[in-house]
Amino acid sequence: MSTTKNSTVSHVEWDINDSTVPSWRISQISTYDGFQEWADGHCRFVYRPDCEEARRHSSGWAMRNTNNHNVHILKKSCLGVLLCSLRCTLDSGEKVTLRPAICDKARKKQQGKPCPNRKCTGRLEVLPCRGHCGYPVTHFWRHTDNAIFFQAKGIHDHPKPEPKATAEARRSLHGGIKRPRSSTSATGEQRIRLNGQAVYSGKEIGCFARLFPVRRENELETD
DNA sequence: CTATGCGGGGGTG
DNA sequence: CACCCCCGCATAG
């Protein structure tokens with residue numbers, strides 16, 4: 001019965017969905033978490049009110065807003081990752097793992113496009129996230145005067161998409177999908193790795209049962 | 001155009 | 001009631 005205390009709030013138990021909890025006003029938050037770009041697993045973090053990434057409800061994962069009919073809690077669900085239908089490997093040795101567009105319309109346009117690997121004849125396809133009991137992993141955000149609370153549910157069952165910064169750079173570069181770059185995020189606001197992250201409670205583990213198949217057939221007939 | 005939020009509305013269990 | 005998803009509307013960059 002671990003308490004999964006991966007937030008640095010001073011010994012205060014909380015759950016993002018507790019719609020009526022006094023702890024939302026705690027002012028004695030001793031330490032805040034550094035922004036977790038790749039939060040995964042059932043975890044909770046408490047960010048400073050001035051943390052830009054937290055303010056934007058940002059994430060390395062491609063998360064879209066989903067209506068949970070709760071004005072106090074912002075909920076987002078994972079869109080998965082854009083992969084090459086042939087699961088080819090780039091010269092760099094990396095796999096094609098592009099960032100799905102958040103906008104439905106834009107995302108539909110991405111699908112079916114030729115794989116960015118010139119040596120590959122595959123097409124881009126979305127591998128949906130089903131890391132939370134068959135459903136997409138979800139992120140919850142809640143603000144208070146003293147902090148921005150974050151909570152995630154589910155374990156991503158797919159590769160990480162390229163970081164938002166990389167996708168944006170590529171987009172502004174040539175408004176389309178082209179040569180994928182390494183997964184290095186351009187900005188330097190990462191590598192925080194503090195406490196927490198990926199702490200799962202037993203029951204959640206139970207509903208995690210899918211690993212994306214890496215069918216590597218069609219070993220491309222390069223050249 | 002895309003990213004984000006919001007919230008109505010419908011469906012399931 | 002809880003949770004899921006689609007869709008349009010609106011704002012911002």
Side-chain angles (χ1 to χ4, degrees), chain A residues 14-21 35-39 41-45 47 49-82 97-113 116 124-144 147-158 160-178 180-181 185-187 189-190 200-201 203-210:
Chain A
W14 60 275
D15 183 283
I16 202 81
N17 287 307
D18 291 342
S19 48
T20 54
V21 180
F35 185 70
Q36 307 292 302
E37 182 177 19
W38 299 103
H42 291 66
C43 52
R44 297 173 301 172
F45 295 110
Y47 302 120
D50 61 352
C51 174
E52 271 310 306
E53 298 281 40
R55 277 184 160 182
R56 299 195 308 254
H57 310 137
S58 171
S59 175
W61 304 100
M63 309 296 291
R64 71 168 167 188
N65 180 304
T66 87
N67 182 19
N68 65 333
H69 298 283
N70 186 323
V71 293
H72 300 299
I73 304 172
L74 174 63
K75 177 183 180 181
K76 293 189 159 194
S77 57
C78 184
L79 290 168
V81 61
L82 261 188
T97 54
L98 302 186
R99 189 182 190 74
I102 305 303
C103 172
D104 292 346
K105 189 177 167 187
R107 195 169 56 262
K108 286 177 182 173
K109 290 199 291 187
Q110 296 179 309
Q111 299 177 66
K113 281 195 172 182
L124 292 180
E125 59 180 32
V126 170
L127 174 64
C129 176
R130 294 175 190 163
H132 188 211
C133 303
Y135 288 107
V137 166
T138 49
H139 282 183
F140 297 89
W141 296 89
R142 187 163 183 170
H143 297 228
T144 67
I148 296 177
F149 293 78
F150 168 86
Q151 185 171 327
K153 295 185 176 180
I155 304 170
H156 295 280
D157 60 342
H158 54 83
K160 291 177 182 176
E162 58 183 343
K164 190 188 301 179
T166 308
E168 291 179 344
R170 179 161 46 60
R171 193 154 61 86
S172 61
L173 188 56
H174 25 234
I177 293 175
K178 285 288 183 59
R181 297 213 55 70
S185 55
T187 56
E189 73 252 299
Q190 65 284 88
Y200 328 121
S201 62
K203 75 174 184 185
E204 310 296 2
I205 283 281
C207 59
F208 172 53
R210 166 168 167 269

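In what follows, chains are A, B, ... by sequence order, proteins preceding strands, each numbered from 1.
Residue A/Arg64 has a polar side-chain atom (N or O) positioned under 4.0 Å from OP1 or OP2 of C/dC6. For A/His57, a side-chain nitrogen or oxygen approaches OP1 or OP2 of B/dG5 to under 4.0 Å. Between A/Lys153 and C/dC3, a side-chain N or O to OP1/OP2 separation shorter than 4.0 Å is absent.
For B/dG5, the base has no donor-acceptor partner in the side chain of A/Asn67 [N/O atoms by modelled type, under 3.5 angstrom].
Straight-line distance from the CG atom of A/Leu74 to the P atom of B/dA3: 16 Å, rounded to whole Å. Rounded to whole Å, the distance from CG on A/Asn70 to P on B/dG8 is 13 Å. Distance CD (A/Gln151) to C1' (C/dC3): 15 Å, rounded to an integer number of Å. The nearest whole Å value for the distance from the NE2 atom in A/His69 to the C1' atom in C/dC6 is 11 Å. The interatomic distance linking A/Lys76 (NZ) with C/dC6 (P) rounds to 16 Å, in whole Å. At whole-Å resolution of the value, CZ in A/Arg142 and C1' in B/dG5 are 17 Å apart. Rounded to an integer number of Å, the gap from CZ of A/Arg107 to P of B/dT4 is 12 Å. The NE2-P distance, from A/His139 to B/dT4, rounds to 13 Å in whole Å.
Between the side chain of A/Asp157 and the main chain of A/Arg130, a donor-acceptor pair closer than 3.5 Å is present. In this structure, the side chain of A/Tyr47 does not engage the main chain of A/Arg55 through any donor-acceptor pair within 3.5 Å. Side-chain atoms of A/Asn68 come within 3.5 Å of backbone N or O of A/Ile73 as a donor-acceptor pair.
Mapping A/Ser58 and A/Thr66 onto DNA chain B by nearest heavy atom places A/Ser58 at the nucleotide closer to the 5' end.
Closest heavy-atom contact between A/Gly80 and A/Pro100: O-CG, 3.5 Å.
Between atom CZ of residue A/Phe35 and atom OG of residue A/Ser59 there is a gap of 6.0 Å, rounded to the nearest 0.5 Å.
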Between N or O atoms, less than 3.5 Å apart, protein on one side and nucleotides 8-11 of chain C on the other: list the pairs.
none

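Here the nucleotide nearest the side chain of A/Ala101, chosen from B/dC6, B/dG8, B/dA3, is B/dA3. Closest approach to the A/Ala106 side chain among B/dT2, B/dG7, B/dG9 is made by B/dT2 (side chain taken as heavy atoms from C-beta onward).
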Working for ring-ring contact (aromatic ring centres under 6.0 Å, His included), residues A/His132 and A/His42: CA-CA 10 Å; A/His132 188 211; A/His42 291 66; 5.7 Å; yes
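Taking the ring centroids of A/Phe149 and A/His143, they lie at or beyond the 6.0 Å cut-off.
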